[in-house]
K.L.:
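This is the structure, below, for whatever I ask next.
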Amino acid sequence: MSRFMTVPRSITQLDDDQASSDPDFAYFVRVHLCDIVSKSFNTLVFNLYINLDIAYGDLDLSNLMGDLDVPVYRDFVTNSTDESNTLTVSVGPDLDAENPNAILNGLEILKISNGARSLDWVNGVENLGIRQAKK
C-alpha cells in the first residue's frame with residue numbers, strides 16, 4: 001500500500017499529511033529510510049515517487065546499506081508541477097518484488113528561497129519601499 005504526502009499551494013500549516021505549497025518556489029525534500037521489517041536481505045524492494053515520477057526506483061535498502069536496520073536519507077529538490085500545484089511524495093512496492101511492500105520512516109519538506117531571496121514573495125523585500133529609521 002502506498003503512503004502519500006500531498007502539499008497543495010503555500011506552506012503555512014501541516015494537517016494530516018498535507019501542507020500548503022507555492023508553485024513559484026522550489027522545495028528541498030529529504031526522505032528517511034530504514035528497513036526495520038525485513039528478516040533477510042533483498043526482500044524489501046520498492047520505489048520512491050516525487051510528483052508521480054520515480055525519484056528512486058528498485059530501492060533495496062539492505063543492498064544499498066549492506067545490512068538490515070541501517071538508517072539512510074536521500075535528498076531531492078523539486079517543485080509543484082501538476083495542475084493543482086501539489087507536491088506529492090509517496091512510496092510503493094516494486095512490481096517485480098517478491099514481498100510487495102514499501103517503507104518511509106521520515107519525511108522533511110523545506111521551502112527554498114527564490115532568486116529574490118524571499119520565502120514569501122516573488123519579489124524581494126528590497127521592492128517594498130520600507131525605509132530604515134534614522135539614527
Side-chain angles (χ1 to χ4, degrees):
M1 177 171 175
S2 295
R3 176 82 170 144
F4 292 94
M5 172 144 185
T6 305
V7 186
R9 239 169 200 217
S10 44
I11 290 200
T12 53
Q13 73 181 69
L14 195 56
D15 178 42
D16 191 31
D17 291 338
Q18 285 194 349
S20 356
S21 76
D22 188 331
D24 295 322
F25 291 86
Y27 291 87
F28 171 85
V29 176
R30 174 171 283 172
V31 295
H32 296 266
L33 306 160
C34 185
D35 186 352
I36 57 174
V37 296
S38 295
K39 303 287 186 223
S40 61
F41 283 72
N42 307 314
T43 56
L44 180 65
V45 182
F46 61 96
N47 298 318
L48 169 70
Y49 302 91
I50 297 179
N51 289 334
L52 304 178
D53 295 318
I54 294 180
Y56 210 126
D58 301 324
L59 182 55
D60 177 356
L61 295 174
S62 65
N63 189 32
L64 178 68
M65 301 309 296
D67 206 350
L68 299 172
D69 296 330
V70 178
V72 64
Y73 66 89
R74 289 293 181 254
D75 297 335
F76 304 90
V77 174
T78 188
N79 58 11
S80 303
T81 58
D82 66 8
E83 347 28 89
S84 63
N85 293 320
T86 60
L87 184 148
T88 304
V89 177
S90 61
V91 294
D94 185 78
L95 297 176
D96 297 327
E98 68 180 62
N99 179 13
N101 209 344
I103 194 165
L104 177 61
N105 305 91
L107 177 64
E108 299 174 60
I109 300 177
L110 304 169
K111 189 177 192 179
I112 299 174
S113 62
N114 61 14
R117 296 179 301 158
S118 172
L119 290 171
D120 193 32
W121 297 70
V122 175
N123 300 317
V125 293
E126 296 86 11
N127 299 330
L128 292 177
I130 298 173
R131 296 183 218 195
Q132 292 198 358
K134 295 181 182 179
K135 291 184 180 182

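Bear in mind the structure is a predicted one, so any value in this text is a computation, not a measurement.
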K.L.:
Evaluate the side-chain proximity of L33 to F46: yes if any heavy-atom separation is below 4.5 Å, no if none is.
P.N.:
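Yes, side chains in contact.
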
K.L.:
Does any N or O in the side chain of N105 come within less than 3.5 Å of the main-chain N or O of C34, such that one atom is a donor and the other an acceptor?
P.N.:
yes

K.L.:
When you group the ILVMFWY residues by side-chain heavy-atom contacts below 4.5 Å and let the links chain together, are Y56 and I103 in the same group?
P.N.:
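Yes, because I103 and Y56 connect within a single hydrophobic cluster, where side-chain heavy atoms sit under 4.5 Å apart.
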
K.L.:
Indicate yes or no for a side-chain donor-acceptor contact from D35 to the backbone of D69 under 3.5 Å, with no hydrogens or angles considered.
P.N.:
no

K.L.:
Could you give the distance from CZ (R30) to CG (L107), rounded to the nearest 0.5 Å?
P.N.:
11.5 Å

K.L.:
Is there a side-chain contact (heavy atoms from CB on, under 4.5 Å) between Y49 and T88? Walk through the geometry before answering.
P.N.:
CA-CA 8 Å; Y49 302 91; T88 304; over 6 Å; no

K.L.:
Calculate, to the nearest 0.5 Å, the distance between atoms CG and OG belonging to L61 and S38 respectively.
P.N.:
8.0 Å

K.L.:
Would you confirm whether N79, through its side chain, and F25, through its main-chain N or O, come within 3.5 Å as a donor-acceptor pair?
P.N.:
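Checking the backbone N and O of F25 against the side chain of N79, no donor-acceptor pair under 3.5 Å is found.
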
K.L.:
Flag yes if more than 12 heavy atoms outside F41 fall under 6.0 Å of its CZ atom; otherwise flag no.
P.N.:
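Yes, the 6.0 Å shell around CZ holds more than 12 heavy atoms from other groups.
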
K.L.:
Under 3.5 Å, is there a donor-acceptor pair between the side chain of D53 and the main chain of A55?
P.N.:
no

K.L.:
What's the shortest heavy-atom distance between P93 and A102, and which atoms?
P.N.:
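Scanning both residues, the minimum pair turns out to be N-CB, 4.1 Å.
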
K.L.:
Any link between V70 and V72 through a network of hydrophobic side chains (Ile, Leu, Val, Met, Phe, Trp, Tyr) touching at under 4.5 Å?
P.N.:
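In one cluster with V70: V72, yes.
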
K.L.:
Side chains of L59 and L64, heavy atoms from C-beta outward: is any pair under 4.5 Å?
P.N.:
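A side-chain contact under 4.5 Å exists here.
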
K.L.:
Could you state the interatomic distance from OG (S90) to CG (N47), rounded to the nearest 0.5 Å?
P.N.:
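If I round to the nearest 0.5 Å, the distance is 9.5 Å.
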
K.L.:
Which distance, rounded to the nearest 0.5 Å, do you find between the CG of L48 and the CG of D58?
P.N.:
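One gets 12.0 Å once the value is rounded to the nearest 0.5 Å.
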
K.L.:
Evaluate side-chain contact (heavy atoms from CB on, under 4.5 Å) for V31 paired with L104, printing each intermediate quantity in order.
P.N.:
CA-CA 7 Å; V31 295; L104 177 61; 3.8 Å; yes

K.L.:
Ignoring hydrogens and geometry, is there a side-chain-to-backbone donor-acceptor pair from N42 to D60 under 3.5 Å?
P.N.:
no

